[in-house]
Amino acid sequence: MTLPLTVSDEVRALAPGFTHVAVEAHGLVNGPSTDDSSWLLDDAARRLAVRLAGRAPHEDPHMAAWRAVYTAFGSKPSRTRNSAEALARRALSDGGLPRINVLVDVYNAISVAHLIPVGGEDLDRVRGGMRLVRATGDEDFVTVAGGEETVERPDAGEVVWCDGEGVTCRRWNWRQGPRTRLTEESTSAIFLLEGLAPMPVADVGAAGAELAELLEKFSPGARITVRDPR
């Protein structure tokens with residue numbers, strides 16, 4: 001069954017150049033990071049360095065577009081960076097990219113190599129369809145702080161991904177909630193690749209196709225569908 005994904009008119013009005021590609025996968029095999037998934041992350045950092053050619057990540061036109069959109073919905077982009085910029089900064093630092101698990105390593109590598117926000121959600125934990133909306137400020141975002149589960153509320157007007165149970169990711173793609181994140185036990189997932197003009201739609205699609213190829217490599221026989229850009 002295909003997971004319904006919708007983008008509200010309010011979000012389209014805020015970011016008319018927004019495009020997303022969804023990659024849905026079933027029969028995945030996940031586990032701790034491996035030498036191969038670690039190599040992917042190192043290679044992504046090398047690809048990023050070539051792409052930036054000495055510039056800081058926020059100077060890239062695509063990242064500048066995300067900063068402008070974050071500012072438009074009331075977020076400070078230098079404090080709450082979009083996921084791609086945050087990962088890119090880590091990739092270029094001495095510490096490098098974190099190793100989480102195979103599936104997260106794979107989509108983080110695509111995010112860094114293409115400088116595009118990519119998220120992954122466990123389909124078995126998503127309730128109903130997923131919607132990208134501007135928050136009312138009353139929604140629940142369940143997270144963990146200081147080792148304790150806590151409930152936050154997004155700011156009114158903030159762009160959030162949510163499902164039937166609450167917010168799954170705050171500030172568009174800034175912070176994912178733990179409820180739907182991919183763990184070593186995850187076998188089904190939806191991956192979202194998000195682009196803004198001036199990134200060509202074809203480039204978003206190419207990143208999605210590369211992600212699908214890597215998922216097949218790490219999970220031979222998995223059932224993978226790449227949806228058309230929307």
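Cluster membership for Trp39 and Leu103, using ILVMFWY side-chain heavy atoms within less than 4.5 angstrom, is shared. Two different hydrophobic clusters hold Leu3 and Val21 under the rule that ILVMFWY side chains link at heavy-atom gaps under 4.5 Å. Note on Val226 and Leu215: same hydrophobic cluster, where clusters join Ile, Leu, Val, Met, Phe, Trp and Tyr whose side-chain heavy atoms are under 4.5 Å apart, directly or indirectly. Under the 4.5 Å side-chain contact rule for hydrophobic residues, Val204 and Val7 do not share a cluster. Note: the hydrophobic cluster containing Phe73 does not contain Val167 (ILVMFWY, side chain heavy atoms under 4.5 Å, direct or indirect links).
Ion pairing between Asp122 and Arg181 fails under the 4.0 Å rule for side-chain N and carboxylate O. Using a 4.0 Å cut-off between a side-chain N of Lys or Arg and a carboxylate O of Asp or Glu, Arg47 and Asp42 do not qualify as a salt bridge. A salt bridge links Arg227 to Glu24: one of the charged nitrogens lies within less than 4.0 Å of a carboxylate oxygen. A salt bridge does not link Glu59 with Arg89: every distance from a Lys NZ or Arg NE/NH1/NH2 to an Asp or Glu carboxylate oxygen is 4.0 Å or more. The residues Arg46 and Asp43 are annotated as salt-bridged, a charged nitrogen and a carboxylate oxygen being separated by less than 4.0 angstrom.
Note: Met63 CE to Leu52 CG = 9.5 Å, rounded to the nearest 0.5 Å. The CG atom of Leu5 sits 5.5 Å away from the CG atom of Leu192 when rounded to the nearest 0.5 Å. Atom CD1 of Ile100 sits about 12.5 Å away from atom OG1 of Thr183, to the nearest 0.5 Å. Rounding to the nearest 0.5 Å places CZ of Phe191 at 10.5 Å from CD1 of Ile110. With rounding to the nearest 0.5 Å, the separation of CH2 in Trp66 from OG in Ser83 is 8.0 Å. A distance of 9.5 Å separates CG of Asn30 from OG1 of Thr187, quoted to the nearest 0.5 Å.
Tyr107 places no side-chain N or O within donor-acceptor distance of the main-chain N or O of Leu193, the cut-off being under 3.5 Å. A donor-acceptor pair under 3.5 Å links the side-chain atoms of Thr71 to the main chain of Arg67, judged by distance alone. Using modelled atom types, no side-chain atom of Thr80 and backbone atom of Pro77 make a donor-acceptor pair closer than 3.5 Å. No donor-acceptor distance shorter than 3.5 angstrom exists from the side chain of Thr143 to the backbone of Gly177, with no hydrogens or angles considered. No donor-acceptor distance shorter than 3.5 angstrom exists from the side chain of Arg230 to the backbone of Asp228, with no hydrogens or angles considered. Within the 3.5 Å criterion, the main-chain N or O of Arg90 finds a donor-acceptor partner in the side chain of Ser93. Here the side chain of Asp203 pairs no donor or acceptor atom with the backbone of Ala206 at under 3.5 angstrom.
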Item checked: Derivation and outcome, side chain to side chain contact (heavy atoms under 4.5 Å, CB included), residues Arg171 and Asp155 -> CA-CA 9 Å; Arg171 296 194 178 115; Asp155 298 327; 3.4 Å; yes
Next item on the list: In sequence, state the C-alpha distance, the side-chain angles, and the governing distance for Asp105 and Arg99, and then conclude on salt bridge (Lys or Arg N to Asp or Glu O under 4.0 Å).
Entry: CA-CA 6 Å; Asp105 290 352; Arg99 275 59 174 164; 5.8 Å; no
Next item on the list: Give the C-alpha distance, both sets of side-chain angles, the deciding distance and a yes or no for side chain to side chain contact (heavy atoms under 4.5 Å, CB included) between Thr168 and Glu121.
Entry: CA-CA 9 Å; Thr168 58; Glu121 308 282 354; 4.1 Å; yes
Next item on the list: Could you go through the side chain to side chain donor-acceptor pair (under 3.5 Å) check for Trp172 and Glu194 one step at a time?
Entry: CA-CA 10 Å; Trp172 209 313; Glu194 302 179 304; 3.2 Å; yes
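Remark: Arg51 engages no residue in a side chain to side chain donor-acceptor pair (under 3.5 Å) (not counting sequence neighbours). When the side chain to side chain contact (heavy atoms under 4.5 Å, CB included) test is applied to Ala88, the partners found at least two apart in sequence or on another chain are Leu48, Pro57, Leu115. Every salt bridge (Lys or Arg N to Asp or Glu O under 4.0 Å) that Arg55 has, sequence neighbours left out, goes to Asp60. Partners of Arg170 under the side chain to side chain donor-acceptor pair (under 3.5 Å) rule, at least two apart in sequence or in another chain, are Glu152, Glu158.
Side-chain contact between Arg81 and His58 is absent, with no heavy-atom pair separated by less than 4.5 Å. Taking 4.5 Å as the limit, some side-chain heavy atom of Arg175 sits within range of a side-chain heavy atom of Phe141. Between Leu123 and His26 the shortest side-chain heavy-atom distance falls below 4.5 Å. Pro229 has its side chain within reach of Val201: a pair of non-hydrogen atoms, C-beta onward, lies under 4.5 Å apart. Counting heavy atoms from C-beta outward, Met199 and Ile116 have side chains that approach closer than 4.5 Å.
Between Ile190 and Ala22 the shortest heavy-atom distance is CD1-CB, 4.0 Å. Nearest heavy-atom pair across Ala189 and Leu28 is CB-CD1, 3.9 Å. Residues Gly27 and Ser188 come closest through the heavy atom pair N-OG, 4.3 Å. The nearest pair of heavy atoms linking His62 to Gly195 is NE2-CA, 3.5 Å. Shown here for Val23 and Gly208, the closest heavy-atom pair between the two residues is CG2-O, 3.9 Å. What you find for Pro178 and Val144 is that their closest heavy atoms are CG-CG2, 4.1 Å.
Across Asn108, Leu41, Leu92, Asn82, a single residue satisfies side-chain contact (heavy atoms from CB on, under 4.5 Å) together with Leu87, and that is Asn108.
Taking the six-membered ring for Trp and thresholds of 30 and 60 degrees, Phe18 and His20 have nearly parallel ring planes, at less than 30 degrees apart.
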Table please: side-chain donor-acceptor pairs of residues 125-136 below 3.5 Å, with sequence neighbours left out.
unit_1	atom_1	unit_2	atom_2	d
Arg127	NH1	Asp124	O	3.1
Arg134	NE	Gly157	O	2.8
Arg134	NH2	Gly157	O	3.0
Thr136	OG1	Asp138	N	3.2
Thr136	OG1	Glu139	OE1	3.4
Thr136	OG1	Glu139	OE2	3.3

I'd like a table of donor-acceptor pairs (distance under 3.5 Å, sequence neighbours excluded) in which one partner is a side-chain atom from residues 216-224, with atom names and distances.
unit_1	atom_1	unit_2	atom_2	d
Glu216	OE2	Gly221	N	3.2
Ser219	OG	Val29	N	2.8
Ser219	OG	Val29	O	3.4

